[in-house]
Amino acid sequence: MKTGRNGEMKKRVSKKSVTQEPGTGRGLLAGDEIFLERLKRHHDELRWLFMELYDNDAMFAELCDRMRQFYLERNQELKEIDLKRESDKGWYQQNDMLGMMFYIDNFAGNMKGVESKLDYIEQCNVNYIHLMPFLDTPEGRSDGGYAVSDFRKVQEKLGSMKELESLTAACHKKNIHVCMDFVMNHTSEDHEWAKRACRKEGEYMSRYFFFDNGEWPALYERTVPQVFPTTAPGNFTYLPDLGYYVMTTFYPYQWDLNYRNPRVFNEMMYNFLYLANRGIDIIRIDAVPYIWKELNTSCRNLPQVHTIVRMMRIISEIVCPAVLLLGEVVMEPEKVTPYFGTLEKPECHMLYNVTTMATTWHTVATRDIKLLKKQLDIINGLPKDYVFLNYLRCHDDIGWGLDYGTLLLEGKGERSHKQYLNDYFQGFAGESNSRGELYNADPVTGDARFCGTTASMCGIEKADLEQDGEAMERAVRLDLMLHAYMFMQSGIPVLYSGDEIGQLNDYSYKEDPYKAEDSRYVHRGAMNWELAEKKTDNSTVEGKIFQGLAQLEKIRKREKAFVSNADTWTIETWDSSVLCMARHYQGEKLIGLFNFSEYDKTAWINETDGDYTDLISGQNMKPAGVNIPAYGFYYLKRNE
């Protein structure tokens with residue numbers, strides 16, 4: 001807490017906002033008491049952080065008052081979930097957590113459709129669904145839903161807020177947790193704030209970064225990298241009708257919010273709490289490293305960002321402690337882990353394991369596990385309370401954010417290696433069977449990102465086109481091996497909808513004028529429910545993948561060594577294509593062996609602590625000199 005006369009005055013004002021809460025006469029006395037107890041527990045730190053950024057007593061008092069209002073509006077079922085999860089803070093770290101992400105329209109048309117498909121989601125052994133962006137956005141200028149024009153309205157084609165509440169309530173009855181995207185960095189140019197800013201209302205212009213000449217934008221451009229240098233170059237957009245420049249880090253129709261303004265922070269927190277009260281369990285903070293802007297910096301990962309995320313965590317723990325924060329931090333590992341905060345002052349509950357995902361596909365293309373092993377060793381050395389979301393593919397492209405310092409020691413230069421990876425996954429190099437497309441390719445720097453579904457990248461698309469049975473068998477084995485490896489990682493595995501049946505790239509996006517320029521839509525195709533009907537037929541590709549994944553999912557939920565806070569480590573195999581991972585928890589030990597090569601290999605491990613059983617086949621095996629077929633894997637459990 002700040003000291004001195006000014007600090008003491010601030011403390012007195014904020015204490016008054018706590019002690020003078022009515023607390024009676026509303027028929028929710030017990031609820032008020034719970035809120036006030038939580039507020040009292042977190043008040044001093046929240047106030048310190050808020051005043052550090054904004055030095056505004058009135059805005060802090062308003063924030064506390066509105067937090068209480070949102071708490072009182074929270075329905076009783078959600079409050080009961082809050083209390084349950086408050087008493088079991090590690091509820092999301094168990095081995096029964098399995099996620100699936102999907103676009104609502106692609107998956108089932110609308111929210112009612114998703115609700116009708118909850119039985120299918122259960123059949124996938126999934127208990128956590130990430131609904132990709134569904135808030136109101138302008139047609140054709142939405143960046144896949146990440147240009148929000150109204151944070152309290154659902155896109156009409158997808159449903160309504162009432163239908164969202166119906167869906168989340170139905171999910172909770174089935175013990176399915178619901179995740180959504182919260183786009184904090186910017187709004188759509190069609191948002192009410194932006195429209196009023198265009199009318200030159202100062203209150204609303206101050207919620208963005210407006211400049212009446214190019215001098216300040218030019219100063220920012222000296223130090224701020226470009227996100228999309230080919231499709232949306234620069235970080236500012238000139239508005240000729242207004243005569244101003246506005247900061248647009250991503251696309252010209254996405255206007256960056258000015259979090260130096262406390263009104264922006266407060267209003268966005270009210271949106272956050274409004275959405276939490278619709279029954280959302282996990283809120284994914286989009287583009288979190290970008291939300292604070294400072295001249296003469298990269299405007300990435302600044303200290304104030306961590307202050308804001310910490311305040312969000314506190315606000316959530318006061319009003320809706322059942323809600324988890326998931327940070328989207330697409331950065332190198334040393335810039336990702338700070339978003340967990342510290343054990344004493346946590347920030348995000350979960351983060352994406354982006355670098356490991358990219359390194360996984362690097363390993364597929366090189367058949368060399370050394371970099372991946374190093375990456376996993378780093379993750380395994382982190383505090384066990386850190387929970388990563390692991391995935392093979394998601395809605396976005398793959399950016400090759402690898403450890404090029406290590407690769408350079410092996411003679412692999414950054415530009416040449418990125419070129420090789422993009423050529424490989426397009427099917428042009430390295431005896432590749434992959435298919436896909438580049439996104440945002442820059443001919444000057446040679447940089448590009450890659451798009452494609454897991455199945456297409458594993459060779460299923462090519463084998464299907466060529467009607468090559470042997471190639472299809474190998475491709476399916478690679479697909480299942482990669483999922484088995486992902487399940488073995490520390491954290492929560494997340495499937496991308498369609499991957500459970502081996503869905504392929506969808507090139508029809510090129511026929512849609514709103515999507516044709518964005519190759520990411522190649523892996524955003526609509527769910528093929530006719531193919532899903534084959535999920536129980538083991539003679540089909542769909543059945544082999546679905547049933548294979550189901551076996552892995554059931555093993556993961558059954559074996560307690562798969563909990564997030566198990567001891568995890570890698571084991572040397574003395575073969576550059578074979579990865580060995582181990583897990584230990586409460587006396588139980590598992591070893592995973594994964595062959596990233598299209599050739600049979602031997603893992604020269606020598607674990608001398610007893611006999612093991614392969615959980616896939618039930619065969620008793622000694623973990624020594626293990627022969628692994630091409631793209632094969634084993635889950636070995638030590639016998640008791």
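- Between Leu118 and Cys171, the shortest heavy-atom contact is CD2-SG, 3.8 Å.
- In this pair, Phe211 and Tyr220 present their aromatic rings tilted. The plane angle is within the 30 to 60° band.
- Classification of the His395-Tyr103 ring pair by plane angle, with boundaries at 30° and 60°, yields perpendicular.
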Tyr92 vs His177, side-chain contact (heavy atoms from CB on, under 4.5 Å): CA-CA, chis, key distance, verdict | CA-CA 10 Å; Tyr92 61 97; His177 317 296; over 6 Å; no
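- In terms of modelled atom types and a separation under 3.5 Å, the side chain of Thr297 and the main chain of Glu294 share a donor-acceptor contact.
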When you look at Glu115 and Ser166, which way does the side-chain hydrogen bond (donor to acceptor under 3.5 Å, both in side chains) test go after all the steps?
-> CA-CA 8 Å; Glu115 191 170 339; Ser166 174; 3.0 Å; yes
Begin from the C-alpha positions of Met132 and Phe107 and carry the test side-chain contact (heavy atoms from CB on, under 4.5 Å) through to its verdict.
-> CA-CA 10 Å; Met132 299 302 293; Phe107 184 71; over 6 Å; no
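- Judged by distance alone, with hydrogens and angles left aside, the side-chain atoms of Tyr514 form no donor-acceptor pair with the main-chain N or O of Glu139 at under 3.5 Å.
- Distance SG/Cys64 to CG/Leu39: 5.0 Å, rounded to 0.5 Å.
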Taking it one step at a time, do Asn390 and Asn353 satisfy side-chain hydrogen bond (donor to acceptor under 3.5 Å, both in side chains)?
-> CA-CA 5 Å; Asn390 302 306; Asn353 197 352; 2.9 Å; yes
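- A tilted orientation is assigned to the rings of Tyr71 and Phe35, their planes being inclined by 30° to 60°.
- Ion pair Asp105/Lys157 flagged as a salt bridge, since at least one NZ, NE, NH1 or NH2 atom sits closer than 4.0 Å to an Asp/Glu carboxylate oxygen.
- With Lys557 contributing its side chain and Asn125 its backbone, the two residues share a donor-acceptor pair below 3.5 Å.
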Step by step, would you call Tyr274 with Asn277 a side-chain contact (heavy atoms from CB on, under 4.5 Å)?
-> CA-CA 5 Å; Tyr274 173 85; Asn277 278 0; 5.9 Å; no
From CA spacing to verdict: salt bridge (Lys or Arg N to Asp or Glu O under 4.0 Å), Arg393, Asp499 = CA-CA 9 Å; Arg393 290 297 296 114; Asp499 278 3; over 6 Å; no
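- A donor-acceptor distance shorter than 3.5 angstrom exists from the side chain of His172 to the backbone of Thr168, with no hydrogens or angles considered.
- Put simply, the side chain of Tyr290 does not reach to within 4.5 Å of the side chain of Val305, judged on heavy atoms.
- Between Phe388 and Phe340, the angle of the ring planes goes over 60°, which puts this pair in the perpendicular group of the 30/60° scheme.
- At distances below 3.5 Å, at least one donor-acceptor pair connects side-chain atoms of Arg556 with backbone N or O atoms of Met97.
- Atom NZ of Lys84 has 12 or fewer heavy atoms from other residues, nucleotides or ligands within 6.0 Å.
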Verdict with supporting geometry, Asn380 and Thr568, side-chain hydrogen bond (donor to acceptor under 3.5 Å, both in side chains) | CA-CA 6 Å; Asn380 292 336; Thr568 54; 2.8 Å; yes
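- No salt bridge links Glu77 with Lys173; every basic N to acidic carboxylate O contact stays at or beyond 4.0 Å.
- Within 6.0 Å of CD in Glu203 there are more than 12 heavy atoms belonging to other residues, nucleotides or ligands.
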Criterion side-chain contact (heavy atoms from CB on, under 4.5 Å) on Tyr352 and Asp396, from CA distance to verdict = CA-CA 12 Å; Tyr352 285 108; Asp396 222 342; over 6 Å; no
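- Annotation for Val323 and Ala276: closest pair CG2-CB, 4.0 Å, computed over non-hydrogen atoms.
- Taking CG of Leu343 as the reference point, atom NZ of Lys384 lies at 12.5 Å (rounded to 0.5 Å).
- The main-chain N or O of Arg284 is never found under 3.5 Å from a side-chain atom of Asp181 such that the two would form a donor-acceptor pair.
- By the 6.0 Å and 45° rule, Arg524 stacks over the aromatic ring of Tyr521.
- When atom types are taken as modelled, the side chain of Arg66 and the backbone of Asn266 share no donor-acceptor pair closer than 3.5 angstrom.
- Ring pair Tyr253/Tyr251 is parallel by interplanar angle, where below 30° counts as parallel and above 60° as perpendicular.
- Considering Glu347, Glu317, Glu45 in turn, Glu45 is the only one that fulfils the salt bridge (Lys or Arg N to Asp or Glu O under 4.0 Å) rule with Arg310.
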Steps toward salt bridge (Lys or Arg N to Asp or Glu O under 4.0 Å) verdict (Glu37, Arg41) = CA-CA 6 Å; Glu37 190 280 325; Arg41 188 189 319 151; 2.3 Å; yes
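- The line from NZ of Lys345 to CZ of Arg313 is 12.5 Å long, rounded to the nearest 0.5 Å.
- With rounding to the nearest 0.5 angstrom, the OH atom of Tyr386 is 14.5 Å from the CG atom of Asn565.
- Proximity of the aromatic rings of Phe209 and His186 is defined here by a centroid distance below 6.0 angstrom, and this criterion is not met.
- Lys195 forms no cation-pi arrangement with Tyr204, by the criterion of a distance under 6.0 Å to the ring centre and an angle within 45° of the ring axis.
- The six-membered or imidazole ring of His130 lies away from that of Phe102, with a centre-to-centre distance of 6.0 Å or more.
- Taking the six-membered ring where tryptophan is involved, the planes of Trp255 and Phe210 are perpendicular, since the angle between them exceeds 60° and thus also 30°.
- Ion pairing of Glu86 with Arg38 is present here, as a side-chain N (NZ or NE/NH1/NH2) and a carboxylate O approach within less than 4.0 Å.
- Without hydrogens or angle criteria, Asp82 side chain to Ala322 main chain gives a donor-acceptor distance under 3.5 Å.
- Side-chain N or O atoms of Glu165 include none that pairs as donor or acceptor with a backbone N or O of Lys162 at under 3.5 Å.
- Because its NZ or CZ atom is not both nearer than 6.0 Å to the ring centre of Phe70 and within 45° of the ring axis, Arg74 does not count as a cation-pi partner of that residue.
- At least one donor-acceptor pair under 3.5 Å links the side chain of Asn235 to the backbone N or O of Val224.
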side-chain hydrogen bond (donor to acceptor under 3.5 Å, both in side chains) between Tyr270 and Glu62, intermediate numbers included = CA-CA 11 Å; Tyr270 307 153; Glu62 178 197 290; 2.6 Å; yes
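- Here the CG atom belonging to Asp281 is positioned 10.0 Å from the OH atom belonging to Tyr128, to the nearest 0.5 angstrom.
- Met101 contributes atom CE, which lies 7.0 Å from atom CG of Leu389 (distance to the nearest 0.5 angstrom).
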